[in-house]
Amino acid sequence: MRINQHTKISELISYNVLSIEAIAAIAKPLRKIRIPVLRRILAPRVSIGEAAKIGGCSVADFRAALVPLGFVWMSDEAEKTINLFDAVERPSWMDEAAVTVILDVRPLLEVGQDPLKDIFQLYRSLAAGGILCISNSFVPTPLIRRMEDRKVPSYTHEWAEGEFRSYFYKNDTALSVQPAEDDYISFVPKELFEQKLASLSPLHLVTLDVSELPMPQPMELILEALTQLKADDVAYIKHRKIPLHLLEELDHLSYRIFIYDRHPGEVHLLIYPVK
């Protein structure tokens, strides 16, 4: 099979199922391809080039992993490396000395805490001209896309081996990063969440309690449940934490999500399919 950076991951798997393990071994963020539900949802939508961005690696890494399986790599002028950082020039506003706040989210992620609210709160607290720096072990592509949707300029580079820094600039044209009606995720207070829950018909409410399940079963079950929702159904999820990785997977898919962070160890979500 002839392939290049535009070949879909699902085509690779269909041709040779050993592609799954070969891709999973390229980079840690790509290990999720081993999860059947995620693979079924994402593989048809993601190309080799896009997977390289997700994995924080290069197209050349995929070539090295796949050619031994019998794939024939086709030259492409744009091949070389689809590296998010090389492709983006350092913006004029980017000045290390002007960085206002640095948040290292790695310790939070390691203990299963969601840094999303902290990131938004810190950004909202910036004065005009301020810069928020997020340090992470991978490129937070969903966060960057979401901030860009709010017209927040960003810049990412590899700060050190295994550490990526993403910078978000506060300017006058940036829209509010407060959850808005057009955001796909909203953190809402108890009263609003209960109001939305009470308005739903029990006939269309699919309740799923994954709070006691070991990882990665919660994500697998939720994604499976979402694929089976009927028209007008809404998923009511009880979780022990904000499912950051699930939210990343649902980014830019057709769902509207309301989250009520009741207290540590208890999080409720309502997930609406967008018609």
Out of curiosity, [X] [atom1] to [Y] [atom2], how far, rounded to the nearest 0.5 Å?
X	Y	atom1	atom2	result
Leu213	Leu221	CG	CG	6.0 Å
Ile257	Leu246	CD1	CG	6.5 Å
Ile13	Lys8	CD1	NZ	13.0 Å
Ile242	His268	CD1	NE2	12.0 Å
Asp261	Lys241	CG	NZ	12.5 Å

Quick one: are [X] and [Y] in side-chain contact, heavy atoms under 4.5 Å?
X	Y	result
Leu205	Leu197	yes
Ser166	Tyr155	no
Val105	Asp118	no
Ser211	His239	no
Ile3	Val72	no
Thr100	Leu132	no
Ile20	Leu12	no
Ile48	Trp73	yes

Considering all heavy atoms, the nearest [X]-[Y] contact:
X	Y	answer
Tyr255	Pro273	CD2-CA, 3.8 Å
Ile271	Leu229	O-CD1, 4.4 Å
Arg63	Pro68	O-CD, 4.3 Å
Cys57	Ile26	SG-CG2, 3.8 Å
Gly55	Ala27	O-CB, 3.5 Å
Phe62	Ile9	CE2-CD1, 4.4 Å

Worksheet entry | Verdict with reasoning, Ser135 to Glu163, per side chain to side chain donor-acceptor pair (under 3.5 Å) | CA-CA 7 Å; Ser135 177; Glu163 180 183 358; 2.6 Å; yes
For the side chain of [X] and the backbone of [Y], is there at least one donor-acceptor N/O pair under 3.5 Å apart?
X	Y	answer
Tyr169	Val152	no
Glu21	Leu18	no
His157	Trp159	no
Ser154	Tyr167	no
Arg165	Ile102	no
Asp104	Asn136	no

Worksheet item: Would Tyr260 and Glu266 satisfy side chain to side chain contact (heavy atoms under 4.5 Å, CB included), going step by step from the backbone distance to the final call?
Response: CA-CA 9 Å; Tyr260 167 38; Glu266 185 175 350; over 6 Å; no
Worksheet item: Is the charged tip of Lys170 near the ring of Tyr123: under 6.0 Å from the six-membered ring centre and within 45° of its axis?
Response: yes
Worksheet entry | Phe258 six-ring face occupied by Arg256 cation (under 6.0 Å, within 45°) | yes
Would you kindly say whether [X] and [Y] are connected by a side-chain donor-acceptor distance under 3.5 Å?
X	Y	answer
Asn16	Ser19	no
His204	Asp232	no
Gln228	Glu224	yes

Fill in: Criterion side chain to side chain contact (heavy atoms under 4.5 Å, CB included) on Ile259 and Val267, from CA distance to verdict
CA-CA 7 Å; Ile259 302 173; Val267 175; 3.7 Å; yes
Do [X] and [Y] share a hydrophobic cluster, counting only Ile, Leu, Val, Met, Phe, Trp and Tyr and linking them when any side-chain heavy atoms are less than 4.5 Å apart?
X	Y	value
Met1	Ile23	yes
Met215	Leu30	no
Leu203	Val206	no

Fill in: Cationic N near anionic O, under 4.0 Å, Lys196 to Glu194
no
Worksheet entry | Check against side chain to side chain contact (heavy atoms under 4.5 Å, CB included), Phe168 and Ile134 | CA-CA 8 Å; Phe168 300 97; Ile134 303 299; 3.8 Å; yes
Worksheet item: Could you go step by step and tell me if Asp209 and Tyr236 meet the side chain to side chain contact (heavy atoms under 4.5 Å, CB included) rule?
Response: CA-CA 8 Å; Asp209 186 348; Tyr236 174 33; over 6 Å; no
